[in-house]
Chemist: 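Got a structure for you, written out below as structure tokens; questions coming shortly.
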Amino acid sequence: MNTTLFMREVRSSYKLWLIFIAILAMYISVIISMFDPKLGETLDLFAKAMPEMMSLFGMGETGATLIEFLSNYLYGMLMIVFPMVFIIMLANRLVVAHVDSGSMTYLLASPNTRRKVAFTQMFVLLSMTFVLLVICVGIAIGVSQAMFPGALIIGDFLLLNLGLACLLFALCGYCFFISCISNETGRAVMFGAGIPTFFYLVQMLANMGGKLADLKYATIFTLFNPKAIIAGDTSAWWMCGALVVIGAIFFVVGIARFEKRDLPL
Amino acid sequence: MIKINHLTKDYGQQRGIFDLTFDVQRGEVFGFLGPNGAGKTTTIRHLMGFIHPNAGNCSINGLDCGTHSAEIQRNLGYVPGEIALPDDMTGLEFLHFVADYRGVTDWARVEQLMARFELDARGNLKRMSKGMKQKIGIVCAFMHNPQVLILDEPTSGLDPLMQNHFIDLVLEEKAKGKTILMSSHIFEEVERTADRVGIIRDGHLVTVDSVTALKAAQRKRYTVSFASEKEAQSFSQESLTIDLLKGKEVTVTVNNFQPFVEAMSRYTITNIVAVEQSLEEIFMHYYGK
């Protein structure tokens with residue numbers, strides 16, 4: 001890894017990163033403040049009144065405990081979609097944007113191998129994504145303890161986030177792969193953003209249940225199952241393992257392609 | 001030294017480079033000439049390891065450009081044909097970044113280079129003119145005192161004074177025994193520095209020859225302006241190779257200067273302009289002989 005490049009990339013993307021942290025911090029605080037065991041009953045009424053609408057957003061069951069509440073309202077959508085958008089944007093900035101603009105020339109016209117450059121960019125993506133997640137977890141725990149002392153089972157909550165980390169790792173791998181094999185930013189965004197968004201939409205439809213429930217086999221988001229993680233289901237961890245493997249394969253193949261291919265510089 | 005051996009990259013529709021073979025020796029400046037789109041940059045991209053050939057190979061100091069580019073780059077300076085710089089930094093920040101990134105410790109050399117090209121790099125890269133960016137590119141290429149220099153149309157965007165500074169720099173580096181490949185689409189740009197010149201057209205290397213031989217083959221043409229059209233007309237009757245008579249101006253091809261100067265001394269002359277020859281003309285003439 002090249003530290004100079006690492007620092008330069010962090011410096012050039014930290015504003016974007018702070019914006020995402022700010023948005024997530026706001027949502028996390030608002031959602032936690034909405035928790036109220038009694039409000040849970042009200043939301044249950046909503047869920048009964050218009051089940052399709054609520055389940056579309058992964059908010060099918062409200063749950064009585066804070067962690068169940070969070071896993072529905074935060075980990076059904078917000079904590080997946082916002083980090084996903086951040087990953088798509090950052091992965092594109094790190095590789096394909098440099099290739100497309102031509103500034104990759106300066107990164108390669110140096111004693112650093114393509115592999116080293118790609119590894120450095122991968123570390124930038126992973127560290128910014130995971131520090132973002134850690135900060136969000138910190139905020140969630142802090143706000144929960146402040147508003148509902150002792151209500152959050154921190155151990156389970158950390159496990160839930162470990163599962164999310166596996167999902168984000170897979171997304172990082174996929175977006176980085178697309179960024180490594182593309183020459184143009186436009187195309188990279190189309191595939192890098194298009195396919196995860198499509199998978200997420202499939203996930204939304206699968207959430208509605210009924211016949212559509214089978215769609216869950218057609219999206220990788222199924223592999224992150226908050227309910228099963230909280231329930232301590234071992235199958236949840238097999239699925240998380242699969243996410244890590246998927247992510248790792250994408251990273252390895254993406255970097256290998258980047259090393260070998262012709263670059264339009 | 002740089003060795004290019006039967007290098008071929010076929011992009012289809014006759015585009016690409018085909019079976020190029022030439023080398024650049026230590027202590028030599030090799031002028032790589034060709035019109036736009038002839039394949040100069042494609043060749044250079046192979047040397048930089050950005051693309052891989054369909055056939056043939058190229059090496060720098062014995063290392064294959066495709067597989068050992070990082071090792072080669074340690075001792076190579078490159079001015080790209082099109083300078084693309086990040087737009088979220090100042091020039092100075094960028095130079096510091098490149099120096100750190102390359103592991104360059106001798107900042108004094110960077111400052112020397114900046115002073116030489118009168119470069120004030122404090123401004124934002126986004127707002128810099130083409131010439132300023134070109135200077136930044138040149139400083140980046142020379143900052144680590146590399147043994148091999150690959151310069152892709154390095155003086156484009158520079159004003160004549162800076163072009164001269166650049167030529168001086170290239171001559172100094174050449175005197176230090178560097179291996180230098182410099183591409184251009186104008187013969188005059190490389191004739192002052194290069195020892196040998198290779199001309200590429202439509203992806204094929206058409207000739208490699210010494211600058212002296214090419215210069216000898218170069219036709220010298222001048223457009224002479226006279227005080228009156230009458231004088232111009234009678235001058236065009238002189239026993240010289242007259243190409244064109246147009247109003248008060250006569251264009252002459254000069255093989256031998258003495259009769260030309262003697263003839264001119266009999267007229268009232270208001271101006272003499274050397275006619276620049278395109279690469280194509282030099283080349284045609286070279287082969288016409």
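To find a chain, count down the sequence lines: A is the first, B the second, and so on, and within it residues start at 1. Side-chain atoms are counted along with the backbone in the values below, which use heavy atoms only and exclude waters and symmetry mates.
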Chemist: Let's test your reading of the structure: which of A:P264, A:S101, A:S12, A:A109 forms the most heavy-atom pairs below 4.5 Å with chain B?
Modeler: A:A109

Chemist: Among A:N112, A:T105, A:L5, which has the most heavy-atom pairs under 4.5 Å with chain B?
Modeler: A:N112

Chemist: Below 4.5 Å from any heavy atom of chain B, which atoms of A:R114 appear? Answer side chain, backbone, both or neither.
Modeler: side chain

Chemist: Between atom CG of A:L265 and atom CD1 of B:I44, what is the distance when rounded to the nearest 0.5 Å?
Modeler: 13.5 Å

Chemist: Run the numbers on A:T4 and B:F97 for side chain to side chain contact (heavy atoms under 4.5 Å, CB included), then give the verdict.
Modeler: CA-CA 7 Å; A:T4 312; B:F97 163 69; 3.7 Å; yes

Chemist: Side chain, backbone, both or neither: which part of A:N2 has a non-hydrogen atom closer than 4.5 Å to chain B?
Modeler: side chain

Chemist: More than 12 foreign heavy atoms under 6.0 Å from CZ of A:F199: is that the case here?
Modeler: yes

Chemist: Measure distances from B:R102 to the heavy atoms of chain A and classify the residue's part below 4.5 Å as side chain, backbone, both or neither.
Modeler: both

Chemist: May I ask you to decide if A:S110's main-chain N or O and B:Y101's side chain share a donor-acceptor pair within less than 3.5 Å?
Modeler: no

Chemist: Drop me the distance from A:R8's CZ to B:H96's NE2, to the nearest 0.5 angstrom.
Modeler: 14.5 Å

Chemist: Residue by residue, scan residues 6-24 of chain B and write down, ordered by number, those that have a heavy-atom distance under 4.5 Å to chain A; if none do, write 'none'.
Modeler: B:K9

Chemist: Find out whether B:F94 and A:Y106 are in side-chain contact, i.e. whether some heavy atom of one side chain is under 4.5 Å from a heavy atom of the other.
Modeler: yes

Chemist: Nearest 0.5 Å, please: how far is CE in B:M48 from CG in A:L108?
Modeler: 8.0 Å

Chemist: A quick test of your reading: do over 12 heavy atoms of other residues, nucleotides or ligands sit less than 6.0 Å from NZ of B:K130?
Modeler: yes

Chemist: Select one option (side chain, backbone, both, neither) describing which atoms of A:V117 are under 4.5 Å from chain B's heavy atoms.
Modeler: side chain

Chemist: Can you name the residues of residues 65-87 of chain B that have some heavy atom under 4.5 Å away from a heavy atom in chain A?
Modeler: B:A70, B:Q73, B:R74, B:Y78, B:P80, B:I83, B:A84, B:L85, B:P86

Chemist: What's the spacing between B:H52 NE2 and A:K260 NZ if we round to 0.5 Å?
Modeler: 7.5 Å

Chemist: Are any of the side-chain nitrogens in B:D88 or A:K15 under 4.0 Å away from the carboxylate oxygens of its partner?
Modeler: no

Chemist: Checking B:D100 against chain A: side chain, backbone, both or neither under 4.5 Å from a heavy atom?
Modeler: both

